[in-house]
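Report on the following structure.
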Amino acid sequence: MADVMLRPKEVVCRWVDAFNNHDIEEITSLYHEDATNHQVANEPVVGIEAIRSMFTEEFAAADMTAIVENIFEDGQSAAHLSRKSEKVSCFFFVCRKMKIFYKTQEKIRSKMAFDRSQKSNLRVIHMKKETRTAVYDNELRMEAYRFEGIVQPFPGHFHEHYVIGIVEKGKRVLSCRDGEYAIEEGSILLFNPGDSHACVQSDEGTFDYRGFNISKETMLDLAEEVTGKRELPGFSKNVICDEEEAWHLRLLHEMAMKGTGEFKKEETLLFLLSYLIQNYGKPYHCCIPECRQEIEKACEYMKEHFAERIYLDRICRHAGLSKSTLLRAFTKEKGVTPYRYLETVRINEAKRLLSEGIPPVEAAIRTGFSDQSHFTNYFNQFIGLAPGTYREIFSEKEICAYNPDSQVEERGKRNSE
């Protein structure tokens with residue numbers, strides 16, 4: 001029996017039903033093979049397989065429901081307004097031959113106007129531009145980041161390095177390990193390697209943040225200098241509030257970004273770490289939860305085969321668990337789904353390749369991503385920078401200030417000169 005030609009509005013209705021039922025097969029069946037799904041603050045997701053992976057991750061991470069207020073149609077296009085509390089989102093769909101070819105989402109806040117008498121007329125006043133600045137400090141041997149005007153949420157992920165940062169503006173809800181925290185201006189963030197974390201904006205404003213990424217090798221040297229013992233420290237708390245240490249952290253960050261301070265920079269770092277280890281430190285191995293042998297086997301398999309196309313049943317056979325048991329146990333143990341764990345392993349390896357000067361296209365291929373857009377999308381979600389921008393902070397003489405709205409990189413001298 002031939003398919004009945006659906007109007008765009010009818011396609012959107014089916015999309016909403018599939019979304020609310022968390023029906024991955026149904027929702028992806030509504031997309032064109034070369035469709036683009038573009039959510040606010042994230043990179044576009046291109047291609048039906050990448051879209052399928054996106055919905056698989058999102059449905060596994062949260063129980064989401066679209067509460068539709070209105071659906072509008074105009075030619076090949078349709079839009080629906082959804083409300084959650086006082087926040088309203090507008091989803092635009094462009095359909096070709098009964099399939100969704102392009103979908104984008106915009107957040108409608110107080111700075112946006114919607115004319116209900118002209119239902120197809122949506123006027124957006126652009127919000128403040130984002131600025132993302134990153135530098136690698138050769139003397140400290142660590143990465144320094146400065147994010148301003150950020151609205152991007154960060155999904156559940158983990159790093160192989162330590163993170164020490166501070167919130168400068170905005171309010172967010174942070175999920176880390178088994179806890180949930182309300183973070184705001186002055187909150188100091190402490191992440192151990194492997195700490196699964198995610199955050200999302202909880203107010204109507206934007207997010208400003210500064211922080212350091214510190215490799216295990218660098219932290220091992222610093223810990224030996226501070227404690228006299230060559231062993232990795234672990235932070236017992238993920239969020240602290242301490243005005244004095246916040247001052248030291250800001251001072252150290254400013255010196256790193258500007259390339260100034262002479263030995264005062266190293267002195268400030270050692271004072272900061274000494275205080276944090278003394279008051280919030282414990283042996284790193286105590287911060288690692290005891291994992292079941294089967295879960296560790298699954299992790300080992302993904303680390304060994306991340307560059308290949310991995311199937312869930314192969315992981316299950318290697319670990320000796322059924323699919324449902326693995327998914328429940330893995331997510332409880334690690335704080336992320338197996339697929340999210342795999343993508344994080346791939347991103348961490350891509351960071352290593354990019355820091356060595358490997359081009360983003362080659363890094364994507366060597367880390368098992370299906371296409372460049374898929375790689376860029378995940379990298380930006382986890383790291384907050386495009387792969388090319390991250391690669392450039394390790395170049396010989398450059399520091400990059402990245403503006404994602406204009407796609408322009410303003411270059412200046414690196415602090416190592």
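Heads up: numbering here begins at 1 and tracks the sequence. Source: prediction; values computed, not measured.
The one candidate from Ile240, Val163, Asn238 that meets the side-chain contact (heavy atoms from CB on, under 4.5 Å) condition with Leu190 is Ile240.
A heavy-atom distance below 4.5 Å is not found between the side chains of Lys334 and Ser196. When side chains are defined from C-beta on, Ile183 counts as touching Val239, because their heavy atoms get closer than 4.5 Å. Two residues are said to be in side-chain contact when any heavy atoms from C-beta on lie closer than 4.5 Å; Phe330 and Thr337 fail this criterion. Side-chain atoms of Arg352 and Glu160, non-hydrogen and from C-beta on, never get closer than 4.5 Å to each other. Contact check for Ser187 versus Ile166: no side-chain heavy atoms found under the 4.5 Å cut-off. Put simply, the side chain of Arg314 reaches to within 4.5 Å of the side chain of Tyr311, judged on heavy atoms. Taking the side chain as every heavy atom from C-beta outward, Leu232 and Tyr162 approach each other to under 4.5 Å. Annotation: side chain of Phe207 is in contact with side chain of Val167 (closest heavy-atom distance under 4.5 Å).
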Run Leu249 and Phe212 through side-chain contact (heavy atoms from CB on, under 4.5 Å) and show every step you take. CA-CA 9 Å; Leu249 181 53; Phe212 293 98; 3.8 Å; yes

Any chance you could lay out the salt bridge (charged side-chain N to carboxylate O under 4.0 Å, His left out) test for Glu254 and Arg146, step after step, and finish with the verdict? CA-CA 10 Å; Glu254 286 295 327; Arg146 182 75 166 100; 5.3 Å; no

Could you please spell out the steps behind the salt bridge (charged side-chain N to carboxylate O under 4.0 Å, His left out) verdict for Glu343 and Arg340? CA-CA 5 Å; Glu343 294 298 326; Arg340 180 67 75 186; over 6 Å; no

Take Phe394 and Glu143, measure what side-chain contact (heavy atoms from CB on, under 4.5 Å) needs, and give me the verdict at the end. CA-CA 9 Å; Phe394 295 94; Glu143 302 166 20; 3.5 Å; yes

Report the C-alpha distance between His161 and Lys351 in whole Å, list the side-chain angles of each, state the deciding distance to 0.1 Å, and finish with yes or no for side-chain contact (heavy atoms from CB on, under 4.5 Å). CA-CA 11 Å; His161 54 254; Lys351 286 179 63 181; 2.7 Å; yes

Show the numbers, then the answer: is there a side-chain contact (heavy atoms from CB on, under 4.5 Å) between Ile277 and Thr227? CA-CA 9 Å; Ile277 292 174; Thr227 66; 4.0 Å; yes

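The aromatic rings of Phe191 and His197 lie parallel to each other, their planes meeting at an angle below 30°, with 60° marking the opposite boundary. Between His157 and Phe154, the angle of the ring planes lies from 30° to 60°, which puts this pair in the tilted group.
With hydrogens and angles disregarded, no donor-acceptor distance shorter than 3.5 Å links the side chain of Asn348 to the backbone of His159. Side chain of Arg391 to main chain of Gly357: a donor-acceptor pair is present (N/O by atom type, distance under 3.5 Å, no hydrogens or angles). Panel note: side chain His248, backbone Glu244; a donor-acceptor pair is recorded below 3.5 Å. Between the side chain of Gln201 and the main chain of Pro153, no donor-acceptor pair closer than 3.5 Å is present. Remark: side-chain polar atoms of Arg346 are paired, donor with acceptor, to backbone N or O of Phe306 under 3.5 angstrom.
The pair Glu130-Arg132 meets the salt-bridge criterion, since a charged nitrogen lies less than 4.0 angstrom from a carboxylate oxygen. With salt bridges taken as basic N to acidic carboxylate O contacts below 4.0 Å, none links Arg172 and Asp203. With respect to the salt-bridge test (charged N to carboxylate O, under 4.0 angstrom), the residues Asp137 and Arg141 do not qualify. A salt bridge between Lys297 and Glu300 is absent, with no side-chain N of the basic residue lying under 4.0 Å from a carboxylate O of the acidic one. Using a cut-off of 4.0 Å between Lys/Arg side-chain N and Asp/Glu carboxylate O, Glu349 and Lys303 are scored as not salt-bridged. Salt bridge Lys169/Glu184: absent, no basic N to carboxylate O contact under 4.0 Å. Comment: Glu362 engages Arg366 in a salt bridge, judged by a side-chain N to carboxylate O separation of less than 4.0 angstrom.
To the nearest 0.5 Å, atom CD1 of residue Ile214 and atom CG of residue Leu222 are 6.5 Å apart. We find the CG-CD distance between Leu273 and Gln278 to be 12.5 Å, quoted to the nearest 0.5 Å. To the nearest 0.5 angstrom, Thr268 atom OG1 is 13.5 Å from His253 atom NE2. Atom-to-atom distance recorded for Ile48:CD1 and Met54:CE is 11.5 Å, nearest 0.5 angstrom. The structure places NZ of Lys216 at 10.0 Å from CG of Asn192, a figure rounded to the nearest 0.5 Å. To the nearest 0.5 angstrom, Phe382 atom CZ is 11.0 Å from Asn380 atom CG.
Leu385 and Ala134 get closest at one heavy-atom pair: CD1-CB, 3.7 Å. Nearest heavy atoms, Ala246 versus Ile188: N-CD1, 3.8 Å. Listed here is the closest heavy atom pair of Glu180 and Ser175: OE1-OG, 3.7 Å. Residues Ala298 and Ile315 approach most closely at CB-CG2, 3.7 Å, considering heavy atoms. Taking every heavy atom of both residues into account, Ala363 and Leu353 meet most closely at CA-CD1, 4.2 Å. In plain terms, the two heavy atoms of Val46 and Ser373 that are nearest each other are CB-OG, 3.5 Å.
For Tyr341 and Phe158, the ring centers sit closer than 6.0 Å to each other. Ring pair Phe271/Tyr275: centre-to-centre distance not below 6.0 Å. Residues Tyr280 and Phe235 place their aromatic rings such that the two centres sit no closer than 6.0 Å. Separation of the Phe59 and Phe19 ring centroids falls under the 6.0 Å cut-off.
Residues Tyr390 and Glu392 have side chains that never bring a donor and an acceptor to within less than 3.5 angstrom of each other. A donor and an acceptor atom, one from each side chain of Tyr209 and Glu148, are nowhere located under 3.5 Å apart. Defined by atom type and a distance below 3.5 Å, a donor-acceptor pair is present between the side-chain atoms of Ser215 and Thr218.
Judged as a ring-ring contact (aromatic ring centres under 6.0 Å, His included), not a single pair has a partner in residues 163-186 (not counting sequence neighbours).
With a 6.0 Å radius and a threshold of 12 heavy atoms from other residues, nucleotides or ligands, Arg309 has its CZ atom at or below the threshold. In Glu243, the CD atom is not crowded: 12 or fewer heavy atoms of neighbouring residues, nucleotides or ligands sit closer than 6.0 Å.
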